[in-house]
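Below, read A as the first sequence line, B as the second, and so on, with proteins coming before strands; counting in each chain starts at 1.
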Amino acid sequence: MSVDLAPELGTRVVPEVAAGQRSPRRLGLLTARPGLILALLFVGFVLVSAVVPGWFTRYDPNATAGPDKLLAPSAEHWFGTDELGRDLFSRVLHGSTLTIQATLGAIVIAVVVGLTLGVVSGFFGGWPDSVLMRVVDVLLAIPRLLLALTIVTALGFGTLPIAVAVGVGIVPGFARITRARVLSIKALPYIEAARTGGASWTRVLVRHILPNSWGPVLVLAVLDFGVAILAISALSFLGFGAAPPAAEWGTLISQGRSYLITSPWLTLLPGLFVGLTVFSLNHISRSLEELQR
Amino acid sequence: MTSVKWLTSSTARYLAGRVLQAVIVLWAVYTVTFGILYLLPSDPVELQLAAANVQVDELSPAELAAAKQQYGLDQPLATQYFDQLGGLLRGDFGQSISLHRPVGELLAERLPSTLALGATAIGLALVLGGTLAYLAAYVRVAWLKTVLNRLPAVGVSLPPFFVGLLLIQVFAFELGWFPATGTQGASSLVLPAITMAVPTAAMLAQVLTRSLDDQLAEPYVATAAARGLSRQYVQARHALRNALLPTLTLLGLLLGATVTEAVVAETVFSRPGVGQMAQQAVLAQDVPLVQAIVVLAAAVFVVINLLIDLVYPLFDPRITHTPRVS
Amino acid sequence: MSAILEIQGLSVAYRPHRHRPPVPAVRDISLSIGRGETVAVVGESGSGKSTLAAAVLGLLPGTGAVTGGSITVAGKPVTGASERALRDLRGRVVALIPQDPTVTLNPTRRIGPQVAESVRRRQPEVPKRSVDAEVLAALSAAGLENPELRARQYPHELSGGLRQRVLIAAGLAGEPELLIADEPTSALDVTVQKRILDHLDRLVAGRGIALLLITHDLGVAADRADRVVVMRSGEVVESGPAATVLGSPQHEYTKELLRAAPGFSVTVREAGERTPEPILQLERLTKDYALPGGGNFRALDEVTLQVPKGQTLGLVGESGSGKTTALRSALGLITPTAGRIRFDGQDITDLGWRQLRPLRRRFQLVHQNPFAALDPRFSVEQTIGEPLVSFRVGDRTTRRRRVHELLDAVGLPRDFAGRRPAELSGGQRQRVAIARALSLEPDLLLLDEPVSALDVRVQEQILNLLTTLQNDLGLSYLFVSHDLAVVAGLAHRVAVLRGGRLVEEGPTAEVFSNPQSEYTQELLSAIAGRSPREHAGTTS
């Protein structure tokens with residue numbers, strides 16, 4: 001240890017605002033978190049099956065088979081069959097396509113609009129901030145699902161309308177969090193240091209504020225992915241989703257209701273599948289947050 | 001804060017300001033929903049005539065005009081906007097197109113059942129979520145703490161309608177303890193209330209657990225412990241109150257969302273409440289009814305959050321309803 | 001004499017992660033304190049002194065554990081004791097006065113009930129009905145006037161000094177035999193610090209309580225303790241009677257600490273015969289802030305200051321004195337209500353950000369907190385080079401060369417260029433911040449408490465660096481600090497602010513030898529280490 005230069009090297013320094021250390025520890029942390037790996041694998045599986053459901057099942061989701069109707073889950077039919085003898089597992093996987101499309105659409109709307117509003121509001125302040133935040137207040141005063149229902153009433157039913165409806169519902173919360181993050185970073189001394197060092201506001205925004213903001217925003221986006229899946233399933237459960245025979249996750253569960261007494265798996269297994277997906281996303285979001293600390 | 005008089009007058013000013021703000025938010029909510037319902041690409045006239053079971057395609061232009069006039073749809077949008085706003089202010093919510101009855105009457109009929117359900121659910125959620133969070137913070141056995149910490153995440157992740165169906169399957173069909181549908185007696189309240197309480201309790205527990213953990217790590221807690229106080233006492237008398245502060249804000253949001261949560265619960269359990277009516281109104285694209293329900297839900301939300309804001313200083317002496325230097 | 005506190009061969013280790021080996025925090029420490037005796041444990045951050053305090057109370061955080069040795073308080077074991085047994089000791093036998101009074105009182109509980117918690121520990125000795133009276137007695141004993149009012153107030157309604165008195169009241173209300181004071185005044189203004197320590201001294205002496213004083217400040221230890229224990233990296237470096245340890249230190253580390261401690265060796269910088277012309281002038285500068293419900297708060301009241309070219313003006317004041325407002329006005333970050341600011345003769349008071357920009361190259365700011373002053377995502381090279389990029393100075397190669405020059409100038413190895421702030425210590429970060437401020441070759445540096453967040457030895461290094469840079473580059477400094485002793489060695493002239501007003505200004509040597517205002521005298525007498533304890537020789 002070079003005594004003259006920096007004898008304080010020996011003391012452990014606890015960084016207060018240390019974000020994004022590029023240390024090899026990260027990979028180690030990943031292997032120390034089996035739960036996170038399982039969650040990532042499951043979400044990965046759901047995403048891949050949404051794109052190419054055929055990889056994971058050999059059944060046609062719409063092929064009816066009279067004699068095989070309402071079969072209980074078995075090695076042949078993992079999730080059993082429905083009232084028309086269609087393979088439920090195949091229907092769930094093909095349902096992923098629609099649900100995940102809608103979810104991605106909703107998240108894209110939420111992130112693009114919410115992020116823009118939040119950054120503009122937090123960064124520029126002044127009257128744009130006041131106006132935008134009042135609008136956000138108003139949107140937040142309408143409970144999410146009801147806002148979505150209003151939009152669905154106006155746009156009609158189907159995958160695209162519910163994606164828009166859910167996306168718009170997420171925007172205000174997203175904008176608010178982004179704004180708070182931008183504001184808190186804007187107040188830090190290193191921003192002032194950059195400014196007194198002659199940096200323009202554009203440079204401060206692009207080089208300092210945005211890179212330091214996106215961590216929590218990412219965490220929120222992953223979390224909202226789960227929220228969006230729940231909202232979209234709820235909307236399709238209520239009967240506002242794609243028209244039959246196509247079926248989103250919520251529609252499948254809704255259809256199974258009529259057979260709840262005799263064939264509970266028709267509702268319970270798809271429901272469990274949705275729950276597991278959202279739970280995995282929550283877990284990933286939470287782990288990301290812990291890793292960023 | 002030297003003069004008491006100054007303080008009270010500024011509190012009154014704060015109060016007046018907050019109430020005015022709430023009124024403005026409500027007006028804005030009405031305007032936003034009106035905008036969404038009437039300005040989006042779909043033709044509101046056709047939507048509503050279809051909802052009223054009028055076969056638009058088969059009408060002659062004269063008949064169409066007559067039908068429009070019947071529902072007040074022949075007026076310019078601005079006139080409709082102000083007519084409806086005026087009606088709202090007088091307590092007239094307009095006419096439901098699909099049910100052919102005044103919206104106000106329908107709401108009055110359905111609201112009590114929804115409020116009973118909502119109140120039960122919130123009560124249940126507070127007890128469940130609070131207990132869970134308190135235990136999760138108190139317990140020191142590592143595996144038990146992990147379980148208690150993870151449990152709310154499960155509650156948040158499960159779709160509420162799935163929870164409802166699961167409860168029906170187990171407690172109504174298998175065990176036969178509670179009815180699966182209807183509004184007969186208090187026992188019919190149990191399953192839908194649990195359905196609504198699960199996500200609410202889970203969210204409360206998540207926030208409160210984290211908040212309690214944060215507070216327990218604060219230096220004042222260690223200082224209190226150094227006075228020889230028990231862990232139970234320190235958590236209950238010192239940490240809990242401070243931990244409740246962020247939860248209070250969340251509670252406002254959750255209370256305000258009760259009507260929304262009722263949409264799913266009432267649909268699953270076939271309870272004729274405001275929530276179920278909302279679902280049916282959207283299915284029938286009954287614009288006046290949808291709009292009335294949204295404004296009502298927003299009003300509940302705004303009023304509850306106003307109340308929470310006003311009582312907040314009782315819980316946090318550092319907050320006063322007087323502006324101060326930033 | 002029987003010892004109240006007996007520590008033998010104590011080792012404590014933290015285990016922040018299950019899969020990694022424990023990190024030792026305290027290694028093989030032995031210590032004993034007798035009745036009525038004051039022992040100071042001195043060390044820099046990371047020396048393990050606070051861990052020691054927590055271990056004595058049996059309040060180590062969840063990841064920490066005693067790995068060897070024993071602690072006995074008043075004959076009862078602490079190490080290995082049950083939670084119940086520990087609770088019986090805490091408050092009654094051993095009490096704590098914590099570090100930062102702003103975070104160690106429950107913000108939503110009134111003062112009275114918090115002190116009552118300690119009083120009630122003395123039941124049944126103190127019956128229930130006299131608890132309130134005891135609380136008031138404890139509050140007035142701690143030097144709080146109007147205890148009835150204080151008991152009804154919430155912590156946020158009290159100043160830091162008053163809150164620390166409340167904590168002292170709460171600590172002593174249980175009538176303990178041993179008091180642990182963990183940096184009891186380091187979060188307070190210097191004059192308040194002195195008053196509180198004086199009062200604590202009297203209380204402890206009057207009641208015959210043993211005091212374990214944890215501090216980073218050798219001056220405080222010298223003034224208050226009978227014996228001193230110097231710690232470094234979890235080990236005792238040197239211990240003995242205060243006069244011996246501080247008078248003729250044996251260990252190199254103690255000597256270094258003593259050399260660095262500002263209070264002991266107040267070397268005053270000579271101003272020279274002639275004061276050069278000013279580079280920065282603040283003329284009758286006033287700043288008002290509007291208060292809610294009408295009225296103004298005057299943060300700065302007609303303050304006139306001059307920073308001489310190539311020299312240092314030390315601007316000293318406690319919290320609320322307006323020193324930061326003055327500095328930020330000079331930088332153009334705050335618009336003053338009245339008065340002028342001149343830089344090198346040019347009036348810059350009303351210049352907008354754009355008009356000021358070319359001049360900005362000539363005066364730069366160094367922040368107080370080196371932990372938040374660097375963008376965590378920027379490498380050292382990016383940070384230092386950023387002003388060059390902003391002003392489009394040079395190309396990539398010349399900028400890199402300049403960064404290397406600057407690293408040399410602030411005494412950092414060149415291979416630090418690729419590091420991120422998280423990989424640097426506090427002192428290293430402050431060096432990077434100084435290098436960044438120097439990158440545009442400014443004439444004037446505005447230093448906002450640049451060393452207050454650092455350990456004394458690091459403080460000394462940074463101050464030395466600043467002196468060297470001034471001599472080599474002919475820089476002028478406006479050095480803002482709460483601590484006269486820190487300013488003394490660097491400043492040619494000193495200005496003292498109080499409540500927004502200038503109370504004294506003059507050459508440093510004159511201000512120190514012949515202070516004109518009463519307030520400056522008080523500030524000077526509050527410098528710890530100038531009044532070593534008379535009876536420092538007593539041993540157990």
Side-chain angles (χ1 to χ4, degrees), chain A residues 35 134-135 137-157 161 164-165 168 223 226-227 229-231 233-235 237-240 249-250 253-254 256-257 260-262 264 266-268 270-283 285-286, chain B residues 21-22 24-26 28-29 31-33 36-42 44 47 150 153-154 156-163 165-166 168-169 172-174 180 199 253 256-261 263-264 267-268 278-279 281-283 285-287 290-291 293-295 297-302 305:
Chain A
R134 289 300 81 74
V135 172
D137 280 348
V138 170
L139 288 179
L140 282 175
I142 310 175
R144 262 188 200 182
L145 187 61
L146 280 187
L147 183 62
L149 288 184
T150 316
I151 295 173
V152 166
T153 309
L155 289 181
F157 308 149
V164 173
V168 171
L223 193 67
V227 170
I229 289 182
L230 281 183
S233 320
L235 285 176
F237 174 82
L238 293 173
F240 312 134
W249 291 344
I253 296 165
S254 171
R257 278 174 75 192
L260 197 55
I261 304 185
T262 53
L266 284 181
T267 49
L268 301 190
L272 215 54
F273 192 79
V274 178
L276 208 54
T277 309
V278 179
F279 184 75
S280 304
L281 285 163
N282 284 351
H283 189 76
S285 168
R286 191 169 167 156
Chain B
Q21 208 182 328
I24 293 176
V25 167
L26 276 183
V29 165
T31 309
V32 167
T33 48
I36 293 173
L37 291 168
Y38 287 81
L39 296 178
L40 280 183
S42 56
L47 264 182
R150 295 289 172 180
V154 178
V156 172
S157 303
L158 292 175
F161 49 88
F162 167 73
V163 174
L165 293 171
L166 189 64
I168 291 182
Q169 172 66 24
F173 294 162
E174 298 283 335
L253 296 177
T258 315
V259 178
T260 320
E261 304 230 333
V263 175
V264 169
T267 306
V268 170
Q279 190 254 351
V282 176
L283 265 187
Q285 301 196 289
D286 188 338
V287 170
V290 170
Q291 181 163 20
I293 293 172
V294 172
V295 173
V300 172
F301 180 91
V302 167
N305 279 287

Quiz prompt | Smallest separation among heavy atoms of A:A154 and B:L37, with atom names | solution = CB-CA, 4.1 Å
Quiz prompt | Contact leader toward chain B among A:A234, A:S254, A:G239, where contacts are heavy-atom pairs under 4.5 Å | solution = A:A234
Quiz item: Can you tell me how far CZ of A:F157 sits from CD of B:Q285, rounded to the nearest 0.5 angstrom?
Solution: 4.5 Å
Quiz prompt | Under 4.5 Å from any heavy atom of chain A - which part of B:V154 | solution = both
Quiz item: Taking all non-hydrogen atoms of both residues, which atom of A:L230 and which atom of B:S157 are closest, and how far apart?
Solution: CD2-O, 3.5 Å
Quiz prompt | Considering all heavy atoms, the nearest B:V287-A:T153 contact | solution = CG2-CG2, 4.4 Å
Quiz item: chain A: which of B:L165, B:T267, B:V290 shares the most heavy-atom pairs with it under 4.5 Å?
Solution: B:L165
Practice problem: Heavy atoms only, distances under 4.5 angstrom: which of A:T277, A:L281, A:V152, A:L140 has the most pairs with chain B? Name it, please. | Solution: A:L140
Quiz prompt | Segment of B:V268 engaging chain A (4.5 angstrom heavy-atom cut-off) | solution = both
Quiz prompt | For B:F161, all residues meeting ring pair (Phe, Tyr, Trp, His ring centres under 6.0 Å), sequence neighbours excluded | solution = A:F237
Quiz prompt | Contacting region of B:V282 [heavy-atom separation from chain A under 4.5 Å] | solution = both
Quiz prompt | Contacting moiety of A:F279, where chain B heavy atoms sit under 4.5 Å | solution = both
Practice problem: Kindly compute the distance separating CG (A:L147) from CD1 (B:I36), expressed to the nearest 0.5 Å. | Solution: 5.0 Å
Quiz item: Checking A:L276 against chain B: side chain, backbone, both or neither under 4.5 Å from a heavy atom?
Solution: neither
Exercise. Identify the two heavy atoms, one from B:I293 and one from A:L146, that lie closest to each other, and give their separation to 0.1 Å.
Key: O-CD1, 4.2 Å
Quiz item: Is it the side chain or the backbone of B:V156 that comes within 4.5 Å of chain A heavy atoms, both, or neither?
Solution: both
Quiz item: Can you name the side-chain hydrogen bond (donor to acceptor under 3.5 Å, both in side chains) partners of A:R134, sequence neighbours left out?
Solution: A:D137
Exercise. Would you name the heavy atoms of A:L268 and B:F162 that are closest together and state the gap between them?
Key: O-CE1, 3.2 Å
Quiz prompt | Which portion of A:L272 sits near chain B, non-hydrogen atoms under 4.5 angstrom | solution = both
Quiz item: Minimum heavy-atom separation for A:A141 to B:V29, with atom names?
Solution: CB-CG2, 4.1 Å
Quiz item: Considering only heavy atoms, which portion of B:V302 lies under 4.5 Å from any heavy atom of chain A: side chain, backbone, both, or neither?
Solution: side chain
